[in-house]
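Everything below concerns the one structure shown next.
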Amino acid sequence: MTAFALDEPLDRGSGLPRPGRLLRAASDSIPPSSLVLLGIVSVQIGAGFAKELFAVLPPSAVVFLRIAAGALVMGAFIRPRLKGLAWRDWAVGIGFGVTLAVMNLSFYEALSRLPMGIAVAIEFLGPLGVAVAASRRRIDLLWVGLAGAGVVLLAPWGESASVSWVGIAFAMVAGACWAGYILLSAAAGQRFPGTTGLSFAMIVSALVIAPVGVTTGGADLLQPELLLIGLGVGLLSSVIPYSLELQALRRMPKHVFGILMSLEPAVAAMIGLLLLGEILHVQQWAAILCVVAASLGSTKKAKK
């Protein structure tokens with residue numbers, strides 16, 4: 001997943017250390033693997049708080065709060081540079097932003113219908129598909145089959161099933177968008193200087209989701225406590241993990257980063273249990289572990 005750091009100077013000419021330098025100095029004292037794990041936990045805690053907001057706001061309104069908060073914070077530290085961009089650069093940036101908006105909206109719709117661990121496991125099929133497609137090794141068929149077995153185990157077969165088909169569909173859309181996000185973030189990195197491409201995409205994403213989020217949220221979006229929680233969700237789900245991931249990527253091989261990120265569905269299930277009291281059945285845990293194992297296997301092969 002593409003990351004960003006808060007590296008832009010805030011106090012020019014004041015003689016004070018830049019916030020980005022202070023942040024990097026602090027993160028340098030933490031092992032990179034710990035930074036990745038902290039980022040994963042931050043994302044899932046943010047998702048847990050977002051899910052609790054569903055009791056008072058629809059998912060689309062919560063998505064708007066999250067993306068708007070992330071865009072405001074990013075825009076304050078990383079201003080997109082738009083001068084000299086060709087129309088193809090604009091197309092990539094806008095496509096990146098639209099994909100980001102749809103990905104988050106689909107995931108939150110899935111999260112409102114599924115336990116966190118299940119929603120993240122299904123969404124994780126997107127980056128898994130990108131890794132397998134890039135590898136082209138025969139053994140990748142094993143990882144595809146293992147991930148498929150996980151989905152079969154998660155599917156709500158029978159009348160007594162407690163998992164929603166609609167939720168699964170939304171999670172699959174989120175996974176497809178995550179795959180597009182990976183490809184477009186790489187393209188944006190080639191067309192936008194530094195991490196300004198992600199900042200631009202976040203702003204576009206906020207503009208895209210605003211009509212839906214404001215319409216569904218209405219006056220409730222103006223409640224101070226909800227705005228504060230929304231800011232917290234944006235920080236936990238976007239700003240903090242992206243910053244930690246970028247710092248980690250600077251100090252560790254990409255394949256190791258990918259292996260650690262493969263733990264995300266399991267971490268999501270644990271956060272869902274501890275924060276929301278979501279108890280999964282043995283079959284559902286087995287399905288999540290299938291997806292985690294498939295992701296680990298494809299990542300290990302991708303490094304060769």
Side-chain angles (χ1 to χ4, degrees), residues 1-8 10 18-28 30 32-50 63 65-80 93 96-97 99-104 107-108 120 123-124 126-127 130 174 177-190 192-206 209 230-252 254 256-258 260-264 267-268 271:
M1 183 179 292
T2 301
F4 67 88
L6 307 182
D7 292 328
E8 293 296 316
L10 291 183
R18 296 180 178 183
R21 290 178 180 175
L22 292 175
L23 180 63
R24 186 174 300 177
S27 65
D28 285 346
I30 303 175
S33 57
S34 297
L35 292 177
V36 177
L37 294 176
L38 285 172
I40 292 173
V41 172
S42 178
V43 168
Q44 300 310 325
I45 291 178
F49 285 148
V63 170
L65 287 177
R66 169 189 168 171
I67 294 178
L72 286 173
V73 174
M74 283 200 68
F77 288 94
I78 308 172
R79 297 187 182 94
F96 191 14
T99 301
L100 187 61
V102 177
M103 179 180 73
N104 281 284
F107 177 68
Y108 275 32
V120 173
E123 185 195 29
F124 220 75
V130 173
C177 289
W178 194 352
Y181 171 94
I182 294 171
L183 300 176
L184 285 169
S185 66
Q190 296 174 354
F192 290 80
T195 54
T196 59
L198 181 58
S199 179
F200 177 73
M202 286 289 289
I203 294 172
V204 171
S205 180
I209 207 69
L231 176 61
V233 170
L235 291 173
L236 288 167
S237 300
S238 299
V239 179
I240 293 175
Y242 290 165
S243 300
L244 292 175
E245 288 166 12
L246 180 58
Q247 297 300 324
L249 279 168
R250 288 172 173 165
R251 298 162 51 199
M252 71 191 311
K254 289 185 178 179
V256 177
F257 176 83
L260 292 172
M261 289 297 294
S262 300
L263 301 175
E264 192 160 355
V267 174
I271 295 296

Quiz item: Passes side chain to side chain contact (heavy atoms under 4.5 Å, CB included), V120 versus V267? Steps please.
Solution: CA-CA 9 Å; V120 173; V267 174; over 6 Å; no

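- Note: L65 CG to S237 OG = 11.5 Å, rounded to the nearest 0.5 Å.
- The line from CG of L35 to OG of S243 is 10.5 Å long, rounded to the nearest 0.5 Å.
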Practice problem: For side chain to side chain contact (heavy atoms under 4.5 Å, CB included), just list the numbers for F96 and L198, CA-CA rounded to whole Å, side-chain angles, deciding distance to a tenth of an Å, and then say yes or no. | Solution: CA-CA 8 Å; F96 191 14; L198 181 58; 3.9 Å; yes

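- Under the side-chain hydrogen bond (donor to acceptor under 3.5 Å, both in side chains) criterion, S205 pairs with no residue, sequence neighbours left out.
- Atom CZ of residue R66 and atom CE of residue M202 lie 7.5 Å apart, to the nearest 0.5 angstrom.
- A distance of 12.0 Å separates CD1 of I203 from CG of L100, quoted to the nearest 0.5 Å.
- With contacts defined as side-chain heavy-atom distances shorter than 4.5 Å, the pair M252/V36 qualifies.
- Distance alone, capped at 3.5 Å, places no donor-acceptor pair between the S42 side chain and the L38 backbone.
- The heavy-atom pair separating G230 from A69 by the smallest distance is O-CB, 3.9 Å.
- Between W178 and E264 the shortest heavy-atom distance is CH2-OE1, 4.2 Å.
- A parallel orientation is assigned to the rings of F192 and F200, their planes being inclined by less than 30° (bins at 30° and 60°).
- Here the closest heavy-atom approach between residue A268 and residue Q44 is recorded as CB-OE1, 3.3 Å.
- Taking every heavy atom of both residues into account, A68 and A206 meet most closely at CA-CB, 4.3 Å.
- For the pair G39 and P241, the tightest heavy-atom approach, listed with the atom from each and the gap, is O-CB, 3.5 Å.
- Note that the CG atom of L244 and the CD1 atom of I40 stand 10.5 Å from one another [nearest 0.5 Å].
- Here the CD1-CD1 distance, from I209 to I67, works out to 5.5 Å after rounding to the nearest 0.5 Å.
- Shown here for C177 and T99, the closest heavy-atom pair between the two residues is O-CG2, 3.3 Å.
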